[in-house]
Amino acid sequence: MIPRQAVTVLGATGSIGVSTLDVLARHRDRYSVFALTAHRQWQSLAEQCLEHRPRYAVMGDPGEAQALREVLSLKGSSTEVLQGEEALRYVAGHDETDIVMAAIVGAAGLLPALAAVEGGKKVLLANKEALVMAGGLFTRAVRDHGATLLPIDSEHNAIFQCLQNERADCQAGELAQRGVRRIMLTASGGPFRTRPLSELSQVTPEEACAHPNWSMGQKISVDSATMMNKGLEFIEACWLFNARPEQVEVVVHPQSVIHSLVEYTDGSVLAQMGNPDMRTPIAHALAWPERIESGVASLDLIATARLDFCEPDYQRFPCLSLARQAAETGGTAPALLNAANEIAVAAFLARRIRFDQIALVIERVLERLPVNEPDALDVVQNADLEARTLAQTLIDAL
Ligand code: NAD
Ligand code: MG
């Protein structure tokens, strides 16, 4: 019998975390749960701990950690409750964990994901912001520590699957040497693809979070509505697949059935298709290079009937242009972009700024702050902090 692999799920109570536990629960013979983490919502984490019986649970907030500890001990659970950032790194890099799902949202996920990489784990990366902020340092750490990095973002997982005949590793050589002409990243266009431009200043957080094809956390839902999500994914693709910005193209595909494509030098184009359900990429990465059941229904091509494609509208979605520019500038520009975006999205969700002001805040931060060489983590962290502070000041003045 093959020994079970122990899995840590960082961000277990989020959209990706819940889908991950759904897949894991279908394969208790293959996987055990080593640790589950959440920022707040101790009640959700308590339920998950009682069902999946991890060795550790980590809460962000000390008060909530205490509440979780009390309820678990009352129920006779043997899960040990830890608290804080150090504990996140501890469970992510722990000797007894084999696989780490990095599904914390935003910059907060960087250090725990890096701890998993430094522990040489099989790292399933949903937290795209980690690569956007510190792609160079992150991918170097993957090589130095012999970690295995597998993309969970549906587009990048699709690209990885389309590249797999060539080389079974995200880190393998130059794209051109692998016979690849270009990568085509598909985008749904989000909920505002066809909304009259004049109405975009008035849209609400509820409308922005109502994605036509995917059910996701609030931050990524707003990113999808501004298409910053595709911008972050553009940068993510460059790092994951060793691609130059001109080798990655964004194609709008409203049905979200083709998750991305790879074109080879001979003109062959490979696409990965499936229902828009994150359990497919999660199951793919968990079992890679094998395949396991994910719970996702078969794709009904007849019901899908048509697949449409068009060019992205850069005027409607200025965030996509800003991200492309940041990718071309390089250095700490993507870290500045990411941090300004996190602050602006939070302000939009709190109804402090309008939807169209998200791009404005990011643009001003990028204009005003210097770009440095991100050769050490503290350079990236300083850029992140500076951009957050400036974005907040700009928002307060709006
Ligand atoms: P979510 O908001 O639903 O969940 C986020 C999780 O992170 C929660 O468990 C939360 O408790 C935890 N968390 C939040 N802030 C934290 C902090 N400061 N410290 C520690 N933990 C914290 O988000 P999601 O939609 O599951 O997305 C998670 C990541 O996956 C994001 O980076 C997102 O871009 C990426 N992703 C999500 C989807 C999707 O379908 N939801 C698809 C592709 C990529
Ligand atoms: Mg995606």
Side-chain angles (χ1 to χ4, degrees), residues 8-22 35-45 47-48 57-62 64-65 68 82-89 91-92 101-113 115 123-133 150-160 185-190 209 211 213-224 227-237 240 250 253 256 258-260 272 275-282 285 296 338 341-342 345-346 349 384 388:
T8 286
V9 185
L10 303 170
T13 52
S15 165
I16 294 286
V18 168
S19 293
T20 304
L21 289 173
D22 179 282
L36 296 177
T37 87
H39 196 41
R40 297 206 180 86
Q41 295 184 300
W42 66 266
Q43 295 90 339
S44 311
L45 195 59
E47 279 173 30
Q48 293 181 335
V58 182
M59 273 314 311
D61 180 84
E64 298 220 18
L68 179 65
L82 308 176
Q83 183 267 320
E85 287 172 28
E86 184 58 43
L88 287 175
R89 293 200 291 272
V91 296
M101 165 57 81
I104 290 174
V105 60
L110 173 63
L111 294 182
V123 181
L124 280 41
L125 190 73
N127 178 218
K128 64 192 89 186
E129 295 92 344
L131 270 188
V132 170
M133 286 175 77
L150 294 164
I152 292 300
D153 222 331
S154 56
E155 296 78 2
H156 305 74
N157 185 271
I159 294 162
F160 180 58
L185 206 56
T186 53
S188 70
C209 289
H211 196 280
N213 308 333
W214 299 93
S215 147
M216 309 180 285
Q218 282 196 319
K219 191 257 177 185
I220 183 176
S221 296
V222 176
D223 285 348
S224 298
M227 282 194 81
M228 177 56 93
N229 184 49
K230 211 49 53 181
L232 300 177
E233 291 182 359
F234 183 92
I235 301 169
E236 184 186 15
L240 279 174
V250 176
H253 164 47
S256 299
I258 293 187
H259 299 305
S260 277
Q272 188 262 358
N275 286 320
D277 187 322
M278 290 306 293
R279 289 176 302 174
T280 294
I282 291 167
V296 176
N338 178 65
N341 181 56
E342 284 190 30
V345 169
L349 284 169
D384 178 81
R388 280 169 201 274

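Numbering of ligands and ligand atoms starts at 1, following listing order. One is the number of the first residue; the rest follow in order along the sequence.
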Answer yes or no: are there more than 12 heavy-atom neighbours, outside Glu85 itself, under 6.0 Å from its atom CD?
-> no
closest protein heavy atom to atom 22 (C) of ligand 1 is His39 CB, 3.4 Å
Checking heavy atoms under 4.0 Å, the part of Glu129 that sits near ligand 1 is side chain
Atoms in ligand 1 flagged as close to Ala126, the criterion being non-hydrogen separation under 4.0 Å = 30 (O), 32 (O), 35 (C), 36 (N), 44 (C)
Minimum side-chain heavy-atom gap Thr280-Asn275 below 4.5 Å = no
Consider ligand 1: state whether an atom of it lies below 4.0 angstrom from any non-hydrogen atom of Ala103.
-> yes
Heavy atom of the protein closest to atom 38 (C) of ligand 1 (residue, atom name, distance) = Ile16 CD1, 3.4 Å
For atom 4 (O) of ligand 1, closest protein heavy-atom neighbour | Gly14 CA, 3.1 Å
Audit row: Met278, Ser15, side chain to side chain contact (heavy atoms under 4.5 Å, CB included) steps and yes/no | CA-CA 9 Å; Met278 290 306 293; Ser15 165; 5.9 Å; no
The N/O/S atom of Glu155 lying closest to the Mg ion (ligand 2) is OE1
Step by step, would you call Ser224 with Trp214 a side chain to side chain contact (heavy atoms under 4.5 Å, CB included)?
-> CA-CA 10 Å; Ser224 298; Trp214 299 93; over 6 Å; no
Atom of Asp153 nearest the Mg ion (ligand 2) (restricted to N/O/S, atom name only) = OD1
Quick one: nearest non-hydrogen protein atom to atom 34 (O) of ligand 1, plus distance?
-> Lys128 CE, 3.1 Å
Close approach, Gly60 and ligand 1, non-hydrogen under 4.0 angstrom | no
Do Gly217 and ligand 1 have an N or O pair less than 3.5 Å apart?
-> yes
Do me a favour and list the nearest non-hydrogen protein atom to atom 29 (C) of ligand 1 with residue, atom name and distance?
-> Ile104 O, 3.9 Å
Is there side-chain contact between Lys128 and Ile235, with at least one heavy-atom pair below 4.5 Å?
-> no
Quick one: does Ser15 get an N or O within less than 3.5 Å of an N or O on ligand 1?
-> yes
Could you pull out the atom name of the N/O/S atom in Glu233 that is nearest the Mg ion (ligand 2)?
-> OE2
Below 4.5 Å, heavy atoms only, C-beta onward: do Cys209 and Leu349 meet side chain to side chain?
-> yes
Indicate the atoms forming the closest heavy-atom contact of Val250 with Ala187, along with that distance.
-> CG1-CB, 4.2 Å
Indicate yes or no: at least one non-hydrogen side-chain atom of Ser260 is less than 4.5 angstrom from one of Leu185.
-> yes
Ligand 1 atoms in contact with Ala108 (distance to a heavy atom under 4.0 Å) | 17 (C), 18 (N), 19 (N)
By number and element, which atoms of ligand 1 are closer than 4.0 Å to a non-hydrogen atom of Ala12?
-> 9 (O)
Are Asp22 and Ile282 side-chain neighbours, meaning at least one heavy-atom pair lies under 4.5 Å?
-> no
Closest protein heavy atom to atom 43 (C) of ligand 1, given as residue, atom name and distance to 0.1 Å | Asp153 OD1, 3.2 Å
Starting from the C-alpha separation in whole Å, work towards a yes-or-no answer on side chain to side chain contact (heavy atoms under 4.5 Å, CB included) for Asn127 and Leu10.
-> CA-CA 10 Å; Asn127 178 218; Leu10 303 170; over 6 Å; no
Return the residue, atom name and 0.1 Å-rounded distance of the protein heavy atom closest to atom 5 (C) of ligand 1.
-> Val105 CG1, 3.8 Å
Reported CG-to-CZ distance for the pair Leu240 and Phe160, which is rounded to 0.5 angstrom | 9.5 Å
Hey, what do you get for OG1 (Thr13) to CD (Gln43), rounding to the nearest 0.5 Å?
-> 11.0 Å
For atom 33 (C) of ligand 1, which protein heavy atom lies nearest, and how many Å away is it?
-> Ile220 CD1, 3.9 Å
Look at Glu129 together with Lys219 and state whether they make a salt bridge at an N to O cut-off of under 4.0 Å.
-> yes
Heteroatom proximity flag, Met278 to ligand 1, N/O under 3.5 Å = no
When only distance counts, is Thr13 in polar contact with ligand 1, meaning an N/O pair under 3.5 Å?
-> yes
